[in-house]
Amino acid sequence: MRNRELAIIFSKIADAFELKGELPFKILAYRKVARILEDLTEDIEIIWKKGDLRKIPGVGEGIAKKIDEYLHTGEMRKYEETMRDIPEGLLSLLSIQGVGAKTLKLAHRELKVNNKADLARVLNDGSLSMLPGMGDKKVENIKKGLEIFSIEEKRISIGVALPLVEEIINWMGKSEISNISPAGSLRRMKETIGDIDILVAGERGVEVIEHFTKFPRVERILAKGSTKGSIMVREGHQIDLRVVPLDCYGAALQYFTGSKAHNIKLRAIARKRGLKLSEYGVFRGGKKIAGAKEEDVYASLGIPWIPPELREDRGEIEFVSDGKELPDIINYDELKGDLHIHSNYSDGSNSIRELAKYAKKMGYEYIAITDHSRSDSYAGGIGKKKLLEQAKEIEKVENEVGIKILKGIELKIKKDGELDFPDSVLKNLDIVIGAIHTFPKEIDMTPALISACKNPWVDVIAHPTGRLISRRAGYKVNIEKLIKAAKDTHTFLEINCYPDRLDLSDINATRAKESGVKLTLGSDAHNIGMLNSIRFGIGVARRAWCSKDDIINTSKEPWKLLKHSKK
DNA sequence: GCCGTTTTCGGCCCGACTGTTTTCAGTCG
């Protein structure tokens with residue numbers, strides 16, 4: 001799949017155009033096609049070979065030619081040309097919150113800002129605030145943005161890392177290996193991943209790594225030995241692969257999965273028992289007593305196997321050491337439906353029928369269509385009239401496809417707590433998800449959220465903190481108060497599964513669970529491919545020690561649990 | 001750049017918010 005590769009190229013062209021002050025609608029066209037390629041479920045090369053490039057929405061004559069050129073030659077003249085006079089590291093600064101094209105262009109032209117270090121310099125020495133239109137507050141804002149950016153800069157979203165690793169695992173299947181698994185924070189399903197680690201069991205290390213370095217999208221080979229290979233793919237991510245003999249595989253998997261803190265505690269336990277734990281196995285004296293299987297490694301230390309998502313040293317080792325049984329955390333196949341989906345009635349790109357069919361294929365028994373409400377106009381929010389039309393279509397599709405479809409809305413909660421529809425409208429729906437998308441930074445949104453919880457028809461609060469991982473911190477909210485209000489009002493809180501949100505986070509979901517608040521999982525899908533994002537949210541739920549009973553859409557009829565069941 | 005059509009041009013999302021202004025520009029979603 002070279003979809004993402006192309007998406008990045010077009011998105012970079014769009015960024016560069018913005019800096020150069022190109023026509024706004026040209027920029028928009030590039031952005032649009034980048035986004036569509038990113039979300040496209042089919043392989044662009046297959047579409048290309050069929051001669052169907054122009055059938056992709058947003059791809060016209062010009063862009064089709066550029067894709068064609070790139071897939072033929074591996075190069076795109078327009079891209080090379082556009083990038084020629086843009087210093088490396090300049091464009092990435094656009095993703096800093098508070099830094100847009102105009103600001104960056106100004107700083108670049110007037111102060112020779114070419115990268116992050118330059119930006120930090122002009123922020124601190126006061127020269128940026130001297131430029132026209134730049135005041136102290138703007139500078140302060142950008143400083144904060146740069147802080148968030150710096151922390152997360154080198155980490156990859158799990159939404160990018162996991163599909164990439166799956167592709168590599170698929171590729172490695174063509175070589176002589178007996179076992180393969182992601183390791184590291186990816187296997188623990190952390191929301192962002194530092195280094196991508198893959199572990200392989202096999203005897204012929206040299207050949208395995210040779211094959212690894214021939215992965216079709218390799219940009220650079222960083223290391224190539226008999227036990228470790230390291231590559232950089234075209235999107236700029238580094239991937240390490242290690243090969244170990246089969247009889248060490250379990251110990252190595254345990255070791256490379258981490259977390260570091262978890263491993264340190266395990267080693268301490270081993271030592272107390274007169275054992276030694278390393279990536280090669282568990283040893284008593286010189287004798288190896290475990291190593292082939294992860295289960296055996298844990299068992300040899302007198303504790304049961306711990307799911308990777310729980311290995312964060314958040315009390316899991318003490319828990320099992322006390323002889324207590326870990327909760328039976330939710331499995332990746334236990335969801336019966338998705339409760340947060342957008343259709344083409346608002347800003348989704350698939351019809352209700354397409355969504356329903358795909359959901360059915362995923363094995364779901366029900367879905368909820370929850371388009372944006374009228375005042376979220378940037379997202380094509382819908383009013384009463386369209387809601388009625390949609391209800392009719394839902395009934396029709398429900399019968400045709402044979403899957404239960406809840407009529408829902410993602411209801412805008414305004415900053416004063418006012419809701420976008422009156423009760424008379426909300427009442428007639430099956431599910432209402434309250435959400436905040438726009439907010440003034442300084443205002444505490446807790447009262448607005450609590451007031452929404454108190455509404456008799458708001459069933460769920462979507463992405464309760466509003467954060468966008470590595471981009472913005474979210475609105476001001478006292479999460480404990482919100483959880484309490486949710487508990488008191490019988491409102492559910494969502495784990496939004498969109499990889500850049502994952503909101504509630506694992507930590508907040510744990511808090512909710514411990515307070516007895518039930519959760520919903522919603523993909524927030526805007527097209528059928530994104531329905532698969534649900535697994536990232538299940539990862540969060542697992543990291544939050546949630547069992548099936550904590551998540552309402554593991555039940556066959558979750559609507560019976562909603563406030564709407566009383567209508 | 002794309003796209004639809006009253007079909008080869010003209011529209012393409014725009015409102016809220018913020019910080020800078022003194023009526024508006026930049027950023028965000």
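Proteins get letters first, then strands, A, B, ... in listed order; numbering begins at 1 in each.
Judged by distance alone, with hydrogens and angles left aside, the side-chain atoms of A/N428 form a donor-acceptor pair with the main-chain N or O of A/S424 at under 3.5 Å.
With sequence neighbours left out, A/A16 forms a side chain to side chain contact (heavy atoms under 4.5 Å, CB included) with A/T82, A/M83, A/I86, A/L91. Checked against salt bridge (Lys or Arg N to Asp or Glu O under 4.0 Å), A/D376 has the following partners two or more places apart in sequence or in another chain: A/K412. Annotation: ring-ring contact (aromatic ring centres under 6.0 Å, His included) contacts of A/H463 (sequence neighbours excluded): A/H437.
For residues 342-359 of chain A, the salt bridge (Lys or Arg N to Asp or Glu O under 4.0 Å) pairs, not counting sequence neighbours, are A/R353-A/E400.
Taking atom P in both B/dG11 and B/dA16, the straight-line distance is 24 Å, to the nearest Å. Taking atom P on both nucleotides, B/dC14 is separated from B/dT20 by 28 Å, rounded to a whole Å. Nucleotides B/dG10 and B/dT5 have their C1' atoms positioned 11 Å apart, rounded to a whole Å. For the C1' atoms, the distance linking B/dG1 with B/dT6 amounts to 24 Å, nearest Å. B/dC2 and B/dG19: their C1' atoms are spaced 35 Å apart (whole Å).
When the side-chain nitrogen and oxygen atoms of A/K78 are compared with OP1 and OP2 of B/dG1, one or more of them lie within a distance under 4.0 Å.
In this structure B/dT8 sits in no base pair that meets the Watson-Crick or G-U test at under 3.5 Å.
Under 3.5 Å, the side chains of A/D371 and A/S343 contain a donor-acceptor pair of N or O atoms. Defined by atom type and a distance below 3.5 Å, a donor-acceptor pair is present between the side-chain atoms of A/H340 and A/D524.
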Could you write out each protein N or O paired with an N or O of nucleotides 9-18 of chain B at a distance under 3.5 Å?
from, atom 1, to, atom 2, distance (Å)
B/dC17, OP1, A/K415, NZ, 2.8

Give me, pair by pair, the N or O atoms of the protein and of nucleotides 4-8 of chain B that are less than 3.5 Å apart, along with how far apart they are.
none

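Following rounding to the nearest Å, A/L104 (CG) and B/dC28 (P) show an atom-to-atom distance of 11 Å. In this structure, A/D15 atom CG and B/dG1 atom C1' are separated by 15 Å, rounded to whole Å. One atom, CZ of A/R54, and another, P of B/dC3, lie 7 Å apart when rounded to the nearest Å. Going from atom NZ of A/K143 over to atom P of B/dG19 covers 15 Å, rounded to whole Å. To the nearest angstrom, P of B/dG19 lies 18 Å from CG of A/L106.
Heavy atoms of A/V59 sit under 4.0 angstrom from primed sugar atoms or phosphate atoms, though from no base atom. Backbone-only contact: A/D136 has heavy atoms under 4.0 Å from sugar-phosphate atoms and none from a base. In this structure, A/T103 reaches the sugar-phosphate backbone alone: every heavy-atom distance under 4.0 Å involves primed, P, OP1 or OP2 atoms, never a base. In this structure, A/P57 reaches the sugar-phosphate backbone alone: every heavy-atom distance under 4.0 Å involves primed, P, OP1 or OP2 atoms, never a base. At the heavy-atom level, A/E22 lies nowhere under 4.0 Å from the strands shown. Heavy atoms of A/K66 sit under 4.0 angstrom from primed sugar atoms or phosphate atoms, though from no base atom.
Mapping A/K26 and A/M134 onto DNA chain B by nearest heavy atom places A/K26 closer to the 5' end of the strand. Where A/A29 and A/A101 each meet DNA chain B at their nearest nucleotide, the meeting point lying more 5' is that of A/A29.
Note on ring orientation: taking the six-membered ring where Trp is involved, the planes of A/H72 and A/W48 are perpendicular (angle over 60°, cut-offs 30° and 60°).
Under 4.0 Å is where a charged nitrogen must lie from a carboxylate oxygen, and between A/K105 and A/E18 no such pair does.
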Given salt bridge (charged side-chain N to carboxylate O under 4.0 Å, His left out), test A/R4 with A/E167 step by step and report yes or no. CA-CA 13 Å; A/R4 215 178 106 74; A/E167 222 180 308; over 6 Å; no
